[in-house]
Number of protein chains: 2
Amino acid sequence: MGRRPSRDRATIGDVATEAKVSRATVSRVMNGLATVDPAIAERVRATAVALDYRPNQVARSLALGRTQTIGYVVPDLTNPSFHSGLRGLSRAAAEQGYRVLVADSAEHADEEPGLALDTRRRCDAVVLVAPRMSESDLARLLPDLQPAVLLNRVVAGAGLPQLDVDWASGIRDLVRHLSGLGHRRIAYLQGPVASRSNTARELALAAATGVEVIKIRCGAMFPDGHAAAGQVLDSGVSAVIAFNDVVALGLLGALHELGTDVPGALSVVGFDDIPFAAYTWPPLTTAWVPQEEMGRLAWQRLSALLTPGHPVVDDAPVLLRPRLVVRGSTGRAPLRV
Amino acid sequence: MGRRPSRDRATIGDVATEAKVSRATVSRVMNGLATVDPAIAERVRATAVALDYRPNQVARSLALGRTQTIGYVVPDLTNPSFHSGLRGLSRAAAEQGYRVLVADSAEHADEEPGLALDTRRRCDAVVLVAPRMSESDLARLLPDLQPAVLLNRVVAGAGLPQLDVDWASGIRDLVRHLSGLGHRRIAYLQGPVASRSNTARELALAAATGVEVIKIRCGAMFPDGHAAAGQVLDSGVSAVIAFNDVVALGLLGALHELGTDVPGALSVVGFDDIPFAAYTWPPLTTAWVPQEEMGRLAWQRLSALLTPGHPVVDDAPVLLRPRLVVRGSTGRAPLRV
DNA sequence: TTGTAAGCGTTATCAA
DNA sequence: TTGATAACGCTTACAA
């Protein structure tokens, strides 16, 4: 038997009794069904207001079989690249009366499957961002997660919508830009080794011609980029491609401290185009990633999956192309002595 | 009558039938009640696994009268100052099995009451961040929102926990720091006029002695700070206090473009200490705000409110003190000619 | 220790 | 057009 809620709200039954109609009629009025006598409808509405009645969403969800909520599972909420996606998702979903439940795995990739499943059980669907989850965990998880869409990652034959960034295209643009400026030796600040998108970047770099790429272990956060400055300078490159903008900004800070001229002595590029990138000094050249649009597209896919009788799922991965944004942190390669 | 979910999951009834026990027993096993015969418990668990049974959270919520979810209502998810709070809240709540439902009002202050109420109906409680909601809307809203805690704002006699930043103290620290460096005329880049925390800052500035404060209309985002650079330079001040770090960084970007020496010709301070602040050039002097701790404290208050028979609510506002963080963007005032 | 049955607050079917 | 009533999937007081 259930417990009475502490603040006892009016229920649909209270309204029905008070308005001298059945609960069914109250329900019809509240849901705007037209088949109700206008006079009665008006009376019901008045009593509802008088009793300060608000439909219990949980009970509705149980009866309807849907919660009008979708989950968004990410490794770290404080990472700026997930914000735009969340914003896009949240606003698009809101337009159709859906809410977003956010789950942050605090970077514990091993707990992500459990977290995702738990989130899923409270929602109608989930959007999963899990760049470091192992392929096998992911394969095991996905069937239980549906309806779901996978963000920032592609898994073959998963049978669900997948939206990813065309990392390779972004890297190619950056390399082309740098090599056009005369850079021949370029450092790459690696992201987390387990990260899929890092792998994608490295593959694209390996395929680049006309430039030599020096890989340097790094990470995904400010301090990682900051700490890598020494190695970058020692490597004797004339340009650096950072895993992302956050790393690039960390590096930029350290280079300033060391008195290195950017872009005079060293060109620096990032990836993502987070809002800060335009306001650093020098402003950061980077590859803009349409994260907010990804969020919107994710909702669009989910929305289709949630619509009864929706057409067959097209699970061909959608790759969104980054766009090169040239700012002040890149310049001509210094002449070699 | 409810609709069957599309992917028909096993219910507690299926498990009961299959394991040849009652649903009550399955429930007891699933909830770890000790009063079950070990052999039976084991059988139930095995059947649950075999049927891939997962308790329906919505049904649980309805029966228990709680959702194990709390809402977090903010004006704009992309504003970095809300991220740490969300992170603190989300992680603290997760430790006790609670999830966070995020609602973003997209800066529409007039829609916030409705949004907050709707969010509340899906949750057991909400954390409200509404810096620009009118006093009257807020007063009307709060009684319907409880249990709730108010963040970044104080309302007299609201009867709910309130956590706010001691803006005045932070401003005083910044002013003292600047005046100690010889600055006598200081510009203040105003935040949104309707913002409570902006008002608090302005009051503290008005009370400051020994310095003259020039107010300049600005805003809360990068472009606002960027656009204010001209007015700042024209005003002939030697130091600027920006509404927040984001504005300060926007300003810093514009000052670089204009070739203004920071801090040689102009000192700049922000407010918040967002993660980026340490990595700009020069690194930003600012007032650190314990946002993540606020999130944790908010959960602590909420958790108390949600505990049956909790002690009386102490609704005296808690003011968290910022801490001055001196970095490179401030220096001695240039000698006046 | 286990089962029966009522209850949580809705929606929806069907008969009136 | 309206009202009984079953159903959604779970928890729990009470009886056995």
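The chains referred to below are lettered A, B, ... by the order of the sequence lines, with proteins before strands, and numbering in each begins at 1.
Annotation: side-chain contact (heavy atoms from CB on, under 4.5 Å) contacts of B:A130 (sequence neighbours excluded): B:E112, B:L128, B:M133. With sequence neighbours excluded, no residue forms a salt bridge (Lys or Arg N to Asp or Glu O under 4.0 Å) with B:R43. Shown here are the salt bridge (Lys or Arg N to Asp or Glu O under 4.0 Å) partners of B:R60, two or more places apart in sequence or in another chain: there are none. By the side-chain hydrogen bond (donor to acceptor under 3.5 Å, both in side chains) test, B:R153 is found to be paired with no residue, residues two or more places apart in sequence or in another chain being considered. A:E42 is linked by a side-chain contact (heavy atoms from CB on, under 4.5 Å) to A:R45, counting only residues two or more places apart in sequence or in another chain. Contacts of A:R54 classified as side-chain contact (heavy atoms from CB on, under 4.5 Å), with partners at least two apart in sequence or in another chain: A:R9, A:D52, B:L117, B:R121, B:D144. Listed by chain and number, the residues in a ring pair (Phe, Tyr, Trp, His ring centres under 6.0 Å) with A:F82 amount to none (sequence neighbours excluded). Every side-chain contact (heavy atoms from CB on, under 4.5 Å) that B:R91 has, sequence neighbours left out, goes to A:D76, A:D104, A:A106, B:R87.
Closest to the B:L62 side chain, of the nucleotides D:dT2, C:dC8, D:dC10, is C:dC8.
Distance A:R66 CZ to C:dG9 P: 20 Å, rounded to the nearest Å. Summarising the geometry, the separation between CE on A:M30 and C1' on D:dT2 is reported as 18 Å, rounded to the nearest angstrom. Nucleotide C:dG7 holds its C1' atom 12 Å from the CG atom of B:L64, rounded to whole Å. Atoms CZ (A:R9) and P (C:dC8) sit 17 Å apart, rounded to a whole Å. With rounding to whole Å, B:N31 atom CG is found 17 Å from D:dG9 atom P. If you take CG of B:D37 and P of C:dG3, they are 11 Å apart, rounded to a whole angstrom. Atoms CD1 (B:I12) and P (D:dC10) sit 5 Å apart, rounded to a whole Å. The interatomic distance linking A:Q68 (CD) with C:dT11 (C1') rounds to 14 Å, in whole Å.
In DNA chain D, stems built from 3 or more consecutive Watson-Crick or G-U wobble pairs, each with both distances under 3.5 Å, span C:1-16 with D:1-16.
Contacts between residues 54-61 of chain B and DNA chain C, counted as heavy-atom distances below 4.0 Å, involve no residue at all.
When atom types are taken as modelled, the side chain of A:D164 and the backbone of A:L319 share no donor-acceptor pair closer than 3.5 angstrom. One N or O on the side chain of B:D14 and one on the backbone of B:T11 form a donor-acceptor pair closer than 3.5 Å.
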Using a cutoff of under 3.5 Å, can you pull out all pairs of nitrogen or oxygen atoms linking the protein to nucleotides 3-5 of chain D, with atom names and distances?
residue: D:dG3; atom: OP2; partner: A:S22; partner atom: N; Å: 3.0
residue: D:dG3; atom: OP2; partner: A:S22; partner atom: OG; Å: 3.3
residue: D:dG3; atom: OP2; partner: A:T25; partner atom: OG1; Å: 2.8
residue: D:dG3; atom: N7; partner: A:R28; partner atom: NH2; Å: 2.8

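The stretch residues 93-145 of chain A participates, sequence neighbours left out, in these ring pair (Phe, Tyr, Trp, His ring centres under 6.0 Å) pairs: A:Y98-A:W299.
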